[in-house]
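Notes to accompany the following structure.
Keep in mind that the numbers below use all heavy atoms, side chains included, and drop hydrogens, waters and symmetry copies. Here the structure is a predicted model, which is why all the values come from computation and not from measurement. Remember, it's 1-based here, ligands and their atoms both numbered in the order they're listed.
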Amino acid sequence: MPITVTPTGAALGAFVTGFDARQITAEDARALNDAFLKHHVIVLRDQHLTDAEQVEFGKCFGEIEKARYISPLSGRDDIMVISNIRSDDGKPLGQLPDGEMSFHFDRIHQAKPCRGAALYCIETPSEGGDTCFSNMVMAYEALPEATKAKLAGKVAVNSFSYTATSRDMKDQGGPRATHPIVRTIPETGKKSLYLCRLMTDRIEGMPEAESNALLDELCDHIENPRFIYQHKWRVGDILVWDNRCTCHARTDFSGAERRLMKRVTIGDNAMPMA
Ligand code: OGA
Ligand code: MN
C-alpha cells in the first residue's frame with residue numbers, strides 16, 4: 001500500500017497512512033523524511049512496536065541518541081520512558097512524570113541539540129496529556145519586519161534544570177548553551193525562531209530588562225494557537241517531530257490515571273546555524 005500524507009489542517013503536522021512502522025523500505029524512509037521536513041510533525045496511528053522496532057523506525061530520521069536514564073520500564077539506553085507510573089514506594093519509573101509542561105525544545109541547553117524525536121503512546125489518560133507543537137518557521141515569518149531586524153544575528157543563552165517543567169521552576173544553575181535566536185534549517189533554507197519559555201534565559205548583547213521584555217513578547221507570539229497543532233493521543237500513535245523548527249508543550253492530566261510513552265531521540269549532524 002502506498003504511503004499517504006494528509007495534513008492535519010492546523011498550522012503544522014500531517015497524518016501518514018498506508019504504513020506499518022515494523023516494515024520499512026528505503027523508499028518509505030525517504031517518503032517519511034520528506035513528510036517530516038515539509039510538515040515538521042508526522043503522526044502514524046495504530047502501530048504495534050517493540051522497543052527494538054521503535055529504535056529501527058527512529059533510524060529513518062537519523063542516528064539514535066542515548067537516554068540520560070535507563071528506566072526499568074524498558075531497560076534499554078536508547079529508549080527514554082516518559083511516564084507517571086511509580087514503584088511501590090512512589091518513585092517515578094520514567095522521566096517527565098506529571099502534568100503540564102511549558103513550551104520547549106528538547107536538549108536546547110546542549111551545544112548540539114537533537115534533530116527530532118519519535119514518541120510512541122502505550123497508555124494514555126482518558127483526558128489531557130495532549131502534546132502541542134508550535135510551527136516556528138510560520139511564527140518567524142509572521143513577525144513584523146522591525147522585530148526580524150532586531151533579532152538578526154542575535155544569540156540567546158538556554159539552560160535546563162532537569163526537574164523543571166515550567167519557567168517559574170528554572171534554577172538558572174543547570175547546563176547551558178548559546179544558540180542563534182533565528183536558525184536556518186539546512187535542508188529547506190527556511191528561517192525558524194529558536195527560543196522557548198522553559199529554557200531560554202536571555203538574549204546576549206541586550207540590557208536585561210529589554211531582553212526579558214522581548215523574550216516575553218516572543219514567547220507569547222509562538223504560543224498563539226494559530227501556530228499550533230494539539231495532538232490528542234491514542235494508544236498506538238507514533239509521532240515524530242522536527243525539534244529544530246517546532247517547540248512543544250504538554251497539557252495537564254490527572255495523576256490518578258496512567259500515562260506511558262516511549263521516546264527515541266534522533267541526533268543531529270550539525271549545530272544550529274543562523
Ligand atoms: C518529550 C516531551 C511531552 C509529552 O518527550 O520531550 O516533552 O507529551 N514530551 O510527554
Ligand atoms: Mn520535550
Pair Lys112 + Glu65: basic N to acidic O under 4.0 Å: no

Pull out every atom of ligand 1 sitting under 4.0 Å from any heavy atom of [X], numbered as shown with elements.
X      : result
His104 : 7 (O)
His248 : 1 (C), 2 (C), 6 (O), 7 (O)
Thr131 : 4 (C), 8 (O)
Arg263 : 1 (C), 5 (O), 6 (O)

Shortest non-hydrogen separation from Ser74 to Val81 and the atoms involved: CB-CG2, 3.7 Å

Gln95 heavy atom under 4.0 Å from ligand 1: no

Met261 heavy atom under 4.0 Å from ligand 1: no

Protein contact to atom 5 (O) of ligand 1 [nearest heavy atom, distance to 0.1 Å]: Ile82 CD1, 2.9 Å

Salt bridge (charged side-chain N to carboxylate O under 4.0 Å, His left out) between Glu187 and Arg115, intermediate numbers included: CA-CA 12 Å; Glu187 297 93 330; Arg115 179 174 198 248; 2.8 Å; yes

CA sep, side-chain torsions, deciding dist, call: Lys91, Asp89, salt bridge (charged side-chain N to carboxylate O under 4.0 Å, His left out): CA-CA 6 Å; Lys91 207 173 133 295; Asp89 59 1; over 6 Å; no

Atom CD of Glu63: over 12 foreign heavy atoms under 6.0 Å: no

Near the Mn ion (ligand 2) (under 2.8 Å) - protein N, O or S atoms: His104 NE2, Asp106 OD1, His248 NE2

Side-chain donor-acceptor contact under 3.5 Å, Asp106 with His248: yes

Contact (N/O only, under 3.5 Å) between Asp130 and ligand 1: no

Geometric N/O contact Trp241 with ligand 1, under 3.5 angstrom: no

Side chain Glu53, main chain Thr50, donor-acceptor under 3.5 Å: yes

Parallel, tilted or perpendicular: rings of Tyr229 and His231 (30°, 60°): tilted

